[in-house]
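Notes for the one structure printed next.
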Number of protein chains: 2
Amino acid sequence: MSSTARGARARARIEVTAAIKEEARRQLAAEGAAKLSLRAVARELGMVSSALYRYFPSRDDLLTALIIDAYDSLGASAEAAHAAVADAVPLRRWVAVCEAVRDWALAHPHEYALIYGSPVPGYSAPRTTVPAAARVGILLIGIVRDAQQGQTRPVEPPLPAELRSEAERITADLAPDLSPEVVTVLVAAWSQLYGLVGFEVFGQFNRLVEERAPFFRHAVTRLAHGVGLG
Amino acid sequence: MSSTARGARARARIEVTAAIKEEARRQLAAEGAAKLSLRAVARELGMVSSALYRYFPSRDDLLTALIIDAYDSLGASAEAAHAAVADAVPLRRWVAVCEAVRDWALAHPHEYALIYGSPVPGYSAPRTTVPAAARVGILLIGIVRDAQQGQTRPVEPPLPAELRSEAERITADLAPDLSPEVVTVLVAAWSQLYGLVGFEVFGQFNRLVEERAPFFRHAVTRLAHGVGLG
DNA sequence: CAAAAAAGAGAGCACTGCTCTTGCTCTGGG
DNA sequence: CCCAGAGCAAGAGCAGTGCTCTCTTTTTTG
């Protein structure tokens, strides 16, 4: 029999689990990860705090679940934005994905902090989060791959000798059909994108950059040029 | 009379304040900001927790003090690294400052998280932190300024019209003697530097980039090219 | 239908930040 | 010189936290 009709108990379990995550996400959005309290979640749901441990063995496990959801939410936003301009020229698709990341981060600052800010507990990031976390990167790789069919700019400067073998290893892992030069720059651009977004979300641009949307667009356009687009 | 000899009481106060910060910094380095506990600090210093409130009115105030110290420590490291190559060509000085930021961050990951990761409490960053936080940026601006005396590469692409006035405003605030094109790219490069560093410190490069020093050097060299250096 | 598994309730432990009151000690102005 | 007031430490206590343990109820399963 299907797992959805496996009895009232199983159904209740996934409903309660969802309700816990929903309320936890609300508290996260309202106050940040530091103030997320298991007891407050339980209280809001009308259950006693110890009952919550039947669903999440610890506060950190709850947070991990929220982290994965956040990665998925961000990935889905980026993919949707990309799909909306799927037929456009690569540069335009690149900018669309970057702007989707920025928009999501501004709309969900605490969740952004959870996944791209400081690691919250001792530090965790269990392997479970890897596939969800990779979605934006995969998107960017795909755009560059498509662009390589057409004409691209040269990537400068050339790889220094000390980086050659490492660049080839990363390329083999990530996108064997691209050149090590491009992949290296792409990985750097990927991290730099989050530098731009992080500075805006965490207030580092306060009283410095005001017109942030055009500033961001210009910066990620330059990033795109760096990987050979446009 | 000098403020250093203003009586045993005043001297004791600054000594105790320093001891508190020292112990707090030790706990911060060991366990991270989340687990920094006023009571534990007091316990370690052989005082009762309530006594500590004579020196820092709240846990957040203690954290703010540590934040300022962290900015200063990072700024001092960067300035020292810059001074050591003060006569070199601008590109080399740029790379030296960037690598100093990276080295400091890797040596003090929790302090780095404190200042460039997620804002810890509701969020604070009181104005007091601004001058300390600006030191690295000032260094980078100075390098670019010096480079403008000699030959530089052109900055591409040109500023879009929608960014023109904002770029001029930022330039007037930051470095009126530089062109808006360069200043805009410089601000972006500044944030992107912290994207590179943050991804390494927070483990986003795990199992992806292994030879991180040459990778970083290459990436910041490209950043330097972007602002016209080299 | 009875045994077993799952879930909730409640008490309790050890910890946190923070406040308030009670004393002791040092210091500056009369 | 001396003594009132400021500075400081200590202790008790409040409200909250994550988490564990036991006990009871409910549901599923052999």
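As the structure is a computational prediction, the values presented were derived from the model and not from experiment. Each chain gets a letter, A, B and so on, in the order the sequences are listed, and its residues count up from 1.
Using bins of under 30°, 30° to 60° and over 60° for the plane-to-plane angle, the ring pair B:F205/A:W190 lands in the tilted bin.
Rounded to a whole Å, the CZ atom of A:R9 is 7 Å from the C1' atom of D:dT28. Across the protein-nucleic acid pair, B:M47 atom CE and C:dG17 atom P stand 15 Å apart, rounded to whole Å. Atom pair B:R11:CZ and D:dG7:P shows a separation of 17 Å (rounding to whole Å applied). Between B:L63 atom CG and C:dG17 atom P the separation is 10 Å, expressed in whole Å. Following rounding to the nearest Å, A:Y55 (OH) and D:dG18 (C1') show an atom-to-atom distance of 19 Å. Rounded to whole Å, atom P of C:dG8 lies 9 Å from atom CG of A:L52. Rounded to whole Å, atom P of D:dG18 lies 13 Å from atom CD1 of A:I20. The separation between B:F56 atom CZ and D:dA9 atom P is 13 Å, rounded to whole Å.
Here B:L36 lies in heavy-atom contact (under 4.0 Å) with sugar-phosphate atoms only. No engagement by B:L45 is indicated, since no non-hydrogen atom pair under 4.0 Å with the nucleic acid exists.
With C:dC15, D:dC8, D:dT17 as the choices, the nucleotide that has an atom nearest any side-chain atom of B:R43 turns out to be C:dC15.
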Test side chain to side chain donor-acceptor pair (under 3.5 Å) on A:S58 and A:D61 and set out the steps.
CA-CA 5 Å; A:S58 82; A:D61 289 272; 2.6 Å; yes

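Taking the six-membered ring for Trp, B:F202 and A:Y116 have ring centres at least 6.0 Å apart.
Heavy-atom neighbours of B:R13 CZ from other residues, nucleotides or ligands within 6.0 Å: above the threshold of 12. Applying the 6.0 Å contact sphere to CZ of A:R169 captures more than 12 heavy atoms from other residues, nucleotides or ligands.
Between A:S37 and the phosphate of D:dG18, there is a side-chain N or O to OP1/OP2 separation shorter than 4.0 Å. The side chain of B:R13 places no N or O atom within less than 4.0 Å of a non-bridging phosphate oxygen (OP1 or OP2) of D:dG7.
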Would you tabulate the pairs of protein nitrogen or oxygen atoms and nucleotide nitrogen or oxygen atoms of nucleotides 19-23 of chain D closer than 3.5 angstrom?
residue : atom : partner : partner atom : Å
D:dC19  : OP2  : A:Y53   : OH           : 3.3
D:dC19  : OP2  : A:R59   : N            : 2.7
D:dC19  : N4   : A:R39   : NH1          : 3.4

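Salt bridge absent: A:D173 and B:R207 never bring a charged side-chain N and a carboxylate O closer than 4.0 Å.
Here A:A70 pairs with A:W104, A:E111, A:I115 under the side chain to side chain contact (heavy atoms under 4.5 Å, CB included) rule; sequence neighbours left out.
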